[in-house]
Amino acid sequence: VQLQASGGGLLQAGDSLRLSCTASRRAATHSVTGWFRQGLGKERQFVAAIDSSSRNTLYADSANGRFTVSRDNVDDRIELQMDSLKPEDTGIYYCAAGRTLATVWNLYGYWGRGTLVTVSS
């Protein structure tokens with residue numbers, strides 16, 4: 001499984017941004033896609049996750065109400081719509097594949113390269 005996050009950029013507080021996660025291959029056993037971020041000098045932090053049916057999603061408290069995770073089955077990608085961005089949303093955003101909806105990063109077995117999101121005040 002090879003994942004790739006894209007769509008990062010330099011934003012201002014209050015802006016919106018949509019990140020995408022694509023996979024060159026998928027493992028049937030790892031059908032959940034999670035988004036995590038890591039700020040400079042900070043631990044990896046859960047952001048959101050979605051299962052293969054798109055019926056079940058999970059959000060971190062910091063993302064709830066501002067971020068939306070969705071699955072585009074036509075283009076086979078997972079998107080993270082981020083609205084009302086804050087400086088504390090700054091970090092490298094990664095997508096990962098796991099077996100179950102979880103907030104713990106080590107329950108996701110496959111990771112890809114991240115994309116940098118920088119939000120200035």
Side-chain angles (χ1 to χ4, degrees):
V1 176
Q2 295 179 323
L3 302 169
Q4 176 69 59
S6 62
L10 178 61
L11 292 303
Q12 292 188 332
D15 284 349
S16 296
L17 186 68
R18 176 170 292 186
L19 304 182
S20 290
C21 175
T22 56
S24 58
R25 295 181 299 161
R26 292 196 183 275
T29 57
H30 289 64
S31 58
V32 169
T33 302
W35 284 96
F36 289 78
R37 68 187 179 199
Q38 189 164 17
L40 185 63
K42 298 182 180 180
E43 293 185 353
R44 200 172 312 182
Q45 180 183 37
F46 172 75
V47 177
I50 188 169
D51 69 2
S52 59
S53 72
S54 300
R55 288 194 292 268
N56 299 296
T57 56
L58 189 63
Y59 292 94
D61 288 344
S62 60
N64 210 8
R66 297 189 300 126
F67 294 2
T68 303
V69 61
S70 60
R71 182 180 296 274
D72 183 336
N73 289 321
V74 174
D75 293 334
D76 193 23
R77 62 186 179 193
I78 308 300
E79 297 185 328
L80 182 67
Q81 175 67 38
M82 304 188 294
D83 298 319
S84 303
L85 283 164
K86 303 176 182 179
E88 51 263 43
D89 294 321
T90 294
I92 299 175
Y93 282 69
Y94 300 90
C95 58
R99 295 175 182 269
T100 184
L101 284 172
T103 63
V104 182
W105 68 268
N106 59 8
L107 292 181
Y108 289 79
Y110 297 96
W111 293 79
R113 292 184 177 182
T115 185
L116 177 62
V117 175
T118 304
V119 184
S120 62
S121 58

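- Residues Phe67 and Phe46 are members of separate hydrophobic clusters, defined by side-chain heavy-atom contacts under 4.5 angstrom among Ile, Leu, Val, Met, Phe, Trp and Tyr.
- A donor-acceptor contact under 3.5 angstrom links the side chains of Gln2 and Ser24, judged on distance only.
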Listed pairs under 3.5 Å, donor-acceptor, residues 104-112 side chains, sequence neighbours left out:
{"unit_1": "Tyr108", "atom_1": "OH", "unit_2": "Ala102", "atom_2": "N", "d": "3.3"}
{"unit_1": "Tyr108", "atom_1": "OH", "unit_2": "Ala102", "atom_2": "O", "d": "2.6"}
{"unit_1": "Trp111", "atom_1": "NE1", "unit_2": "Tyr108", "atom_2": "O", "d": "3.0"}

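- Under a 4.0 Å N-O distance rule, the pair Asp76/Arg71 does not qualify as a salt bridge.
- Inter-residue side-chain proximity for Asp89 and Arg66 is flagged as met; some heavy-atom pair is nearer than 4.5 Å.
- Closest non-hydrogen pair, Leu101 versus Asp51, comes out as CD2-N, 4.0 Å.
- Residues Trp35 and Ile50 fail the side-chain proximity criterion, which asks for heavy atoms closer than 4.5 Å.
- Closest approach of Tyr93 and Val47 over heavy atoms only: CE2-CG2, 4.2 Å.
- For the 3.5 Å distance criterion, the side chains of Arg18 and Gln81 qualify, holding a donor opposite an acceptor.
- Pairing each heavy atom of Val69 with each of Ala49, the nearest pair is CG1-O, 3.6 Å.
- Cluster partners of Leu40: none. The rule joins Ile, Leu, Val, Met, Phe, Trp and Tyr whenever side-chain heavy atoms lie under 4.5 Å apart, and it links nothing here.
- Side-chain contact between Val117 and Leu17 is present, with at least one heavy-atom pair separated by less than 4.5 Å.
- Counting heavy atoms from C-beta outward, Glu79 and Leu19 have side chains that stay 4.5 Å or more apart.
- Looking at every heavy atom in both residues, Thr115 comes nearest to Ala5 through CB-O, 3.8 Å.
- What you find for Leu3 and Cys21 is that their closest heavy atoms are CD2-SG, 4.2 Å.
- The shortest side-chain heavy-atom distance between Val32 and Ser52 does not fall under the 4.5 Å cut-off.
- Checked against the 6.0 Å centroid threshold, Tyr94 and Phe36 do not count as a close aromatic pair.
- Put simply, the side chain of Thr90 gets close to the backbone of Val119: a donor and an acceptor are under 3.5 Å apart.
- At a threshold of 4.5 Å between non-hydrogen side-chain atoms, the residues Arg37 and Ser62 count as touching.
- Closest heavy-atom contact between Ala48 and Leu80: CB-CD1, 4.1 Å.
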